[in-house]
Amino acid sequence: MPTVPEDHVEPAPLFRVNDYDSLAEVYAAENEAGIMNTYYERPAILALAGDVAGRRVLDAGCGSGPLFAELRDRGAVVTGIDASAGMLEVARRRLGDGADLQVVDLRDPLPFPDGAFDDVMASLVLHYLEDWGSTLAELRRVLTTSGRLIVSVDHPFAIHGIHRLAGRKTNYYATYNWTEEWTMGGQAAPMSFWNRPLHAMTDAFTAAGFRISVISEPQPVPAARELFPDDFRILSNSPSFLFFVLEAD
Ligand SMILES: C[S@@+](CC[C@H](N)C(=O)[O-])C[C@H]1O[C@@H](n2cnc3c(N)ncnc32)[C@H](O)[C@@H]1O
């Protein structure tokens, strides 16, 4: 029988594509520590939401729950859903046993009655979906007639720029799948996204019964300037995310 050398180190497990279950702890830590979420995306989507006190809010693709926590602190009654049980475990630790967190895949019908929410926040989740039609129809269904869907997604011009810099011949006007490798906890994590042009996004929103009230390209908050000078300069010159406020029509 072969023996295992004493200095043998088990190879680190490889992540599967979009393996948020395995990435949960390390993703949550990076989400908190870096500029992209804490100093750019989250302040921007919270500013667009404004005063949410007393509003019933669905945090769709809530991940480890940082947005849920901020909304709850501002007086909203929040429900969080995510496809990853691992991410929701981290969210549960953050938010406590009383938090309404449910494993739900946004490609499936939502387990909520019509008009259950005043707002839906879809923060950095829609670009994981190939088909937006059925998901947006469900998000519209669970909103009140005066409800709002507030969205952040990868900016399609930014994604187009990444491909051009890498010498890839992608067509801006196409909706297509693309992959990149994130480094998470020192390991390569393959991630897969769906990019679509701006007009495909706005067409999908209006087809699902939303009126576009705001399209926003915010910059990182000023506090990030000293903490992340290089990234601050880059994000102040070229957007990474695109934001929408959509009203149920
Ligand atoms: C980039 S993270 C953003 C998490 C959170 N919104 C935030 O900003 O911290 C994307 C999240 O979307 C979730 N997700 C991806 N595809 C999904 C789907 N089909 N249904 C529900 N959640 C999904 C992932 O599990 C992950 O938690």
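Order of appearance sets the numbers: ligands from 1, and atoms from 1 within every ligand.
Around the OH atom of Tyr173, the shell of radius 6.0 Å holds no more than 12 heavy atoms that belong to other residues, nucleotides or ligands.
For residues 237-249, the pairs satisfying side chain to side chain donor-acceptor pair (under 3.5 Å) are Arg211-Glu247, Arg211-Asp249, Ser213-Glu247, with sequence neighbours left out.
The side-chain heavy atoms of Val153 and Val125, taken from C-beta on, include no pair separated by under 4.5 Å.
Gln219 and Ser236 share no side-chain donor-acceptor pair at under 3.5 Å. Glu41 and Ser123 are linked by a side-chain donor-acceptor pair at a separation below 3.5 angstrom, with hydrogens and angles left out of the test. For the residue pair Trp182 and Glu180, a side-chain donor N or O sits within less than 3.5 Å of a side-chain acceptor on the partner.
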Identify all N/O pairs between ligand 1 and the protein with a separation under 3.5 Å and present them as a table of atom names and distances.
residue	atom	partner	partner atom	Å
ligand 1	6 (N)	Gly61	O	2.7
ligand 1	6 (N)	Ser123	O	2.9
ligand 1	6 (N)	Ser123	OG	3.2
ligand 1	8 (O)	Ser123	OG	2.9
ligand 1	9 (O)	Asn31	ND2	2.9
ligand 1	19 (N)	Asp105	OD1	2.9
ligand 1	20 (N)	Leu106	N	2.9
ligand 1	22 (N)	Ala83	N	3.2
ligand 1	25 (O)	Asp82	OD1	2.6
ligand 1	27 (O)	Asp82	OD1	3.3
ligand 1	27 (O)	Asp82	OD2	2.7

